[in-house]
Participant: 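Below you will find the structure I want to go over with you.
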Amino acid sequence: MSKIFVVDTNKTILNPIHPGRARILLQEGKAAVWKRYRFTIILKDVLPNPQFARRLKIEADAKLTGLALVNDSTSEVVWAAELEHWGFQIRDALTKRRQLRRGRRNRKNRYCQPRFDNRKRPAGWLPPTLQSRVENRVTWVLRLQKLGSISDVSEELVKFDTQLTLVKSQSKNPVHLI
């Protein structure tokens, strides 16, 4: 269960609280809704609230990225979410656009010479699908830094051999690696 982010009157970040406690504070008039998305309440009084170090854990995948804000001292998950990437939709849109351009080019410029050496990519260029994925992660890390007082970010990086997994699944005998 995700907790509710809390900010005091001076807009100082406080420790997230249980949704039931947030509901009580809202009903008693001790707090108000500050943001609806990434639901955050703002207290009407300044309260001393010690800060705990939190770690943002990121697990990346081709279709989804998992984000979890974890309290380091208690290993309690404070907030968790999944980001769905637009990579496949971006790829399909680019393919459709490319096909339309080719059709137009073939229809109108029948006798023009093909041009293929006139395009250079800038340094640090990434394909649009990967660029979208990177920007989504960076955006969410910056958003959570504003409300979560993140002390550390850890990302799970997994590399695997696709050919090895295909060999394992197709063979009847298990593959033993040395």
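The figures here come from the full heavy-atom set of this structure, side chains too, leaving out hydrogens, waters and symmetry mates. Fair warning: this is a prediction, and the values are worked out from it, not measured in the lab. Numbers for residues simply follow the sequence, beginning at 1.
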Participant: Just wondering, do Lys63 and Phe88 contact through their side chains at under 4.5 Å, heavy atoms?
Facilitator: yes
Participant: Run the numbers on Lys11 and Trp34 for side chain to side chain contact (heavy atoms under 4.5 Å, CB included), then give the verdict.
Facilitator: CA-CA 10 Å; Lys11 296 185 181 169; Trp34 193 41; 4.0 Å; yes
Participant: Can you tell me how far OG of Ser75 sits from CZ of Arg55, rounded to the nearest 0.5 angstrom?
Facilitator: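 Output value for this atom pair is 9.5 Å.
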Participant: Starting from the C-alpha separation in whole Å, work towards a yes-or-no answer on side chain to side chain contact (heavy atoms under 4.5 Å, CB included) for Leu67 and Leu83.
Facilitator: CA-CA 8 Å; Leu67 299 170; Leu83 293 179; 3.9 Å; yes
Participant: When hydrophobic residues are tied together by side-chain contacts of less than 4.5 Å, even through go-betweens, does Val141 share a cluster with Val134?
Facilitator: no
Participant: Using side-chain heavy atoms (C-beta onward) and a distance below 4.5 Å, is Gln89 in contact with Asp92?
Facilitator: no
Participant: What is the minimum heavy-atom distance between Arg36 and Val33, and which atoms define it?
Facilitator: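 Heavy atoms of Arg36 and Val33 come nearest at CG-CG1, 4.2 Å.
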Participant: Set out, in order, the CA-CA distance, both residues' side-chain angles and the distance that settles side chain to side chain contact (heavy atoms under 4.5 Å, CB included) for Ser151 and Asp72, then state yes or no.
Facilitator: CA-CA 9 Å; Ser151 64; Asp72 272 345; 4.0 Å; yes
Participant: Where does the angle between the aromatic ring planes of Trp140 and Trp79 fall among parallel (under 30°), tilted (30 to 60°) and perpendicular (over 60°)?
Facilitator: parallel
Participant: Do Val78 and Asn15 make a side-chain contact, defined as non-hydrogen atoms from C-beta onward lying under 4.5 Å apart?
Facilitator: no
Participant: Should Ile150 and Leu69 be marked as a side chain to side chain contact (heavy atoms under 4.5 Å, CB included) after you check the CA-CA gap, both sets of side-chain angles, and the distance that decides it?
Facilitator: CA-CA 8 Å; Ile150 299 171; Leu69 196 59; 3.8 Å; yes
Participant: May I ask you to check whether Thr65 and His85 show a side-chain donor-acceptor distance below 3.5 Å?
Facilitator: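 There is such a pair (donor and acceptor under 3.5 Å, judged by atom type) between the side chains of Thr65 and His85.
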Participant: If hydrophobic clusters are built by linking Ile, Leu, Val, Met, Phe, Trp and Tyr wherever their side-chain heavy atoms come under 4.5 Å apart, do Ile17 and Ile24 end up in the same one?
Facilitator: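 Each belongs to a different hydrophobic cluster.
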Participant: So do the side chains of Ile4 and Pro16 get within less than 4.5 Å of each other, counting heavy atoms only?
Facilitator: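 No, side chains not in contact.
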Participant: So how far is it from Asp152 CG to Arg54 CZ, rounded to the nearest 0.5 Å?
Facilitator: 13.5 Å
Participant: Can you hop from Leu126 to Val138 via hydrophobic side chains spaced under 4.5 Å?
Facilitator: yes
Participant: Please determine if Lys57 and Glu155 form a salt bridge, counting it only when a charged side-chain N lies under 4.0 Å from a carboxylate O.
Facilitator: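 Answer for the salt bridge query: no.
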Participant: Specify the closest pair of heavy atoms between Pro128 and Ile90, including all atoms of both residues, with the distance to one decimal.
Facilitator: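 That closest heavy-atom pairing would be CB-CG2, 3.9 Å.
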Participant: How far apart are the C-alpha atoms of Glu76 and Lys3, what are their side-chain angles, what is the distance that settles it, and do they pass the salt bridge (charged side-chain N to carboxylate O under 4.0 Å, His left out) test?
Facilitator: CA-CA 11 Å; Glu76 176 188 16; Lys3 294 199 172 192; 2.8 Å; yes
Participant: Does atom CD (Glu84) have a neighbourhood of more than 12 heavy atoms from anything else shown, all under 6.0 Å?
Facilitator: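 No, because the 6.0 Å sphere around CD of Glu84 holds 12 heavy atoms or fewer from other groups.
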Participant: Report yes if the side chains of Ile41 and Val7 come closer than 4.5 Å at any heavy-atom pair, otherwise no.
Facilitator: no
Participant: Could you check if a side-chain atom of Leu43 sits within less than 4.5 angstrom of a side-chain atom of Leu14, using non-hydrogen atoms only?
Facilitator: yes
Participant: Is the count of non-hydrogen atoms from other residues, nucleotides or ligands lying under 6.0 Å from Arg21 atom CZ greater than 12?
Facilitator: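 12 or below, so no.
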Participant: Given side chains that start at C-beta, do those of Lys44 and Lys30 come closer than 4.5 Å, heavy atoms only?
Facilitator: no
Participant: Contact between Leu144 and Phe5 at the side-chain level, heavy atoms closer than 4.5 Å - yes or no?
Facilitator: yes
Participant: First locate atom OG1 of Thr95, then atom CG of Leu100, and finally report the distance between them rounded to the nearest 0.5 Å.
Facilitator: 11.0 Å
